[in-house]
Amino acid sequence: MTTATGTSADTPTGAPGTAKTVLEVLGLHRTYGSVRAVDDVSFRLAEGGSLGIVGESGSGKTTTARIVVGLEHADEGRVLIHGRDRGEHARGKARRLARAREIQMVFQDPFLSLDPRTTVGAALRETLALHFPGTDHAHRITELLEQVGLGSREADALPRQLSGGQRQRVAIARALAVEPAVLVLDEAVAALDVSVQAQILNLLFDIREQTGIGYLFITHDLGVVRCVTDDVIVMRSGRIVESGPTQQVLADPQHPYTRLLLESVPRPGWDPRSIAAARRAL
């Protein structure tokens, strides 16, 4: 699993030691001016594994995710899928599309990632036609909608006609349409009501069981991490400060910052003033 310094050990983070590695991140660095947004971050995710990256705003977790997906470039470091370097130049449309299919991302606000003028069914058809041309996609669209708990009524709807939870299900269906090896979820349930969060998390659990897809969860919510990840990385100021099996890290945190994150979760007797004082002391 990943060590607190960000170097990889023998067991891939995210699944048992016998599982094959699907995603490997090696020595990522990303600087904006004088700010080290990502500073020597390394980890591995096994096939069918689920890895959480947690930290406050500015910890570097989202920048790390965007580099993994390819939305940003690292100053240094490598991202590998099944041992292939994603930083290598992809020649030709077919190779670029194949690389795009490897990792898909689900964002916090699905409304911003969906075309408001396009129905759900048409959006899925467009994605499928781009990546798998020359076939009739009607059956696959129905299959994808059923996989995320939606049906024909939602297929004919525009994004504005759906609830927040339904829109997030559509975003997940569209990501799954290209059959990715890894799904990156960046605060994917943060904007949803608690009851809807639970529905989406249960859905994601079922999909992982059915497909063997690997998940990379980017979140500040330790409750989400506890529910849906096998392993967790804690980031602060661009660096990994602690990592390991989720239940172990949350039950017995070794780094003061991890303990602070756990103490910051509201509960009976919680005093925000003591949390602020502890934060200043770090």
Side-chain angles (χ1 to χ4, degrees), residues 23 45 50-53 61-62 64-72 97 99-132 137 140-221 224-225 227-229:
L23 170 67
L45 173 67
S50 181
L51 171 64
I53 303 182
K61 60 186 188 299
T62 292
T64 298
R66 290 176 65 84
I67 292 172
V68 168
V69 175
L71 296 177
E72 294 194 30
L97 288 173
R99 186 166 64 180
R101 287 194 294 272
E102 294 173 339
I103 305 179
Q104 290 288 298
M105 191 168 189
V106 177
F107 298 92
Q108 177 175 343
D109 187 351
F111 194 75
L112 297 178
S113 61
L114 298 173
D115 187 338
R117 301 162 298 179
T118 304
T119 66
V120 169
L124 292 176
R125 186 174 295 106
E126 181 180 317
T127 299
L128 290 165
L130 175 64
H131 288 274
F132 309 108
H137 299 294
R140 179 61 174 152
I141 291 170
T142 300
E143 185 179 65
L144 285 164
L145 289 172
E146 289 178 350
Q147 191 172 23
V148 298
L150 300 175
S152 57
R153 187 182 69 83
E154 289 82 12
D156 295 331
L158 294 170
R160 67 172 182 271
Q161 298 170 314
L162 302 176
S163 68
Q166 288 173 323
R167 286 196 290 267
Q168 197 61 290
R169 289 171 186 263
V170 173
I172 294 169
R174 189 175 62 178
L176 293 175
V178 301
E179 302 173 7
V182 176
L183 189 61
V184 178
L185 300 116
D186 186 9
E187 301 284 8
V189 297
L192 303 176
D193 293 339
V194 174
S195 60
V196 180
Q197 280 189 13
Q199 294 172 13
I200 297 298
L201 293 176
N202 285 333
L203 169 67
L204 290 169
F205 178 85
D206 291 341
I207 289 172
R208 183 160 71 108
E209 290 285 299
Q210 296 163 6
T211 65
I213 192 172
Y215 286 156
L216 188 62
F217 274 91
I218 313 300
T219 182
H220 68 281
D221 190 331
V224 169
V225 169
C227 288
V228 297
T229 66

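Please read all numbers here as calculations on a predicted model, not as lab measurements. Residues take their numbers from the sequence shown, with the count starting at 1.
- At a threshold of 4.5 Å between non-hydrogen side-chain atoms, the residues V106 and D186 do not count as touching.
- Residues T62 and I53 are not in side-chain contact: their nearest non-hydrogen atoms beyond the backbone lie 4.5 Å or more apart.
- Annotation: the span from D193 atom CG to Q199 atom CD amounts to 10.0 Å, rounded to 0.5 Å.
- At least one donor-acceptor pair closer than 3.5 Å links the side chain of Q104 to the backbone N or O of A100.
- Inter-residue side-chain proximity for L185 and L204 is flagged as met; some heavy-atom pair is nearer than 4.5 Å.
- With hydrogens and angles disregarded, no donor-acceptor distance shorter than 3.5 Å links the side chain of H131 to the backbone of E126.
- The two atoms that bring F107 and S113 nearest to each other are CD1-CB, 4.4 Å, heavy atoms only.
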| task | Quick one: do I67 and V69 satisfy side-chain contact (heavy atoms from CB on, under 4.5 Å)? Show the steps, please. | result | CA-CA 5 Å; I67 292 172; V69 175; over 6 Å; no

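- We find the CG-CG distance between L162 and L114 to be 8.5 Å, quoted to the nearest 0.5 Å.
- R169 places a side-chain N or O within donor-acceptor distance of the main-chain N or O of V148, the cut-off being under 3.5 Å.
- Here L176 contributes atom CG and R174 contributes atom CZ; the two are 11.5 Å apart, rounded to the nearest 0.5 Å.
- Going from atom CD of Q168 over to atom CD of Q108 covers 9.0 Å, rounded to the nearest 0.5 Å.
- Within the 4.5 Å cutoff, the side chain of L192 has heavy atoms near those of the I200 side chain.
- With hydrogens and angles ignored, the 3.5 Å screen pairs a side-chain donor or acceptor of Q197 with a backbone N or O of V189.
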| Derivation and outcome, salt bridge (Lys or Arg N to Asp or Glu O under 4.0 Å), residues R140 and E143 | CA-CA 5 Å; R140 179 61 174 152; E143 185 179 65; 2.6 Å; yes

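- Between the side chain of Q147 and the main chain of A173, no donor-acceptor pair closer than 3.5 Å is present.
- With hydrogens and angles ignored, the 3.5 Å screen pairs no side-chain donor or acceptor of Y215 with any backbone N or O of G52.
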| So R208 and V228, side-chain contact (heavy atoms from CB on, under 4.5 Å) or not? Walk me through it. | CA-CA 10 Å; R208 183 160 71 108; V228 297; over 6 Å; no

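- Taking every heavy atom of both residues into account, A175 and V178 meet most closely at O-CG2, 3.5 Å.
- Counting only distance, with no hydrogens or angles, the side chain of T119 and the backbone of A157 share no donor-acceptor pair below 3.5 Å.
- For the pair F217/K61, no side-chain contact is recorded, criterion being any heavy-atom separation below 4.5 Å from C-beta on.
- With contacts defined as side-chain heavy-atom distances shorter than 4.5 Å, the pair L158/P116 does not qualify.
- In this structure, L150 CG and L144 CG are separated by 10.5 Å, a value rounded to the nearest 0.5 Å.
- Minimum heavy-atom separation, E179 to F132: CD-CZ, 4.5 Å.
- For the residue pair I172 and L203, the shortest heavy atom distance occurs at CD1-CD2, 4.3 Å.
- Between P159 and R167, the shortest heavy-atom distance links the atoms O-NH1, 3.1 Å.
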| Step by step, would you call R125 with I141 a side-chain contact (heavy atoms from CB on, under 4.5 Å)? | CA-CA 7 Å; R125 186 174 295 106; I141 291 170; 3.7 Å; yes

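- Side-chain contact between V120 and Q166 is absent, with no heavy atoms from C-beta onward closer than 4.5 Å.
- At least one donor-acceptor pair under 3.5 Å links the side chain of T127 to the backbone N or O of A123.
- The shortest distance between side-chain heavy atoms of L216 and L183 does not fall below 4.5 Å.
- S50 contributes atom OG, which lies 8.0 Å from atom CG of L45 (distance to the nearest 0.5 angstrom).
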| field | Residue pair T229, L51: steps toward the side-chain contact (heavy atoms from CB on, under 4.5 Å) verdict | value | CA-CA 5 Å; T229 66; L51 171 64; over 6 Å; no

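- Nearest approach of V196 to G165, heavy atoms of both residues: CG1-CA, 3.6 Å.
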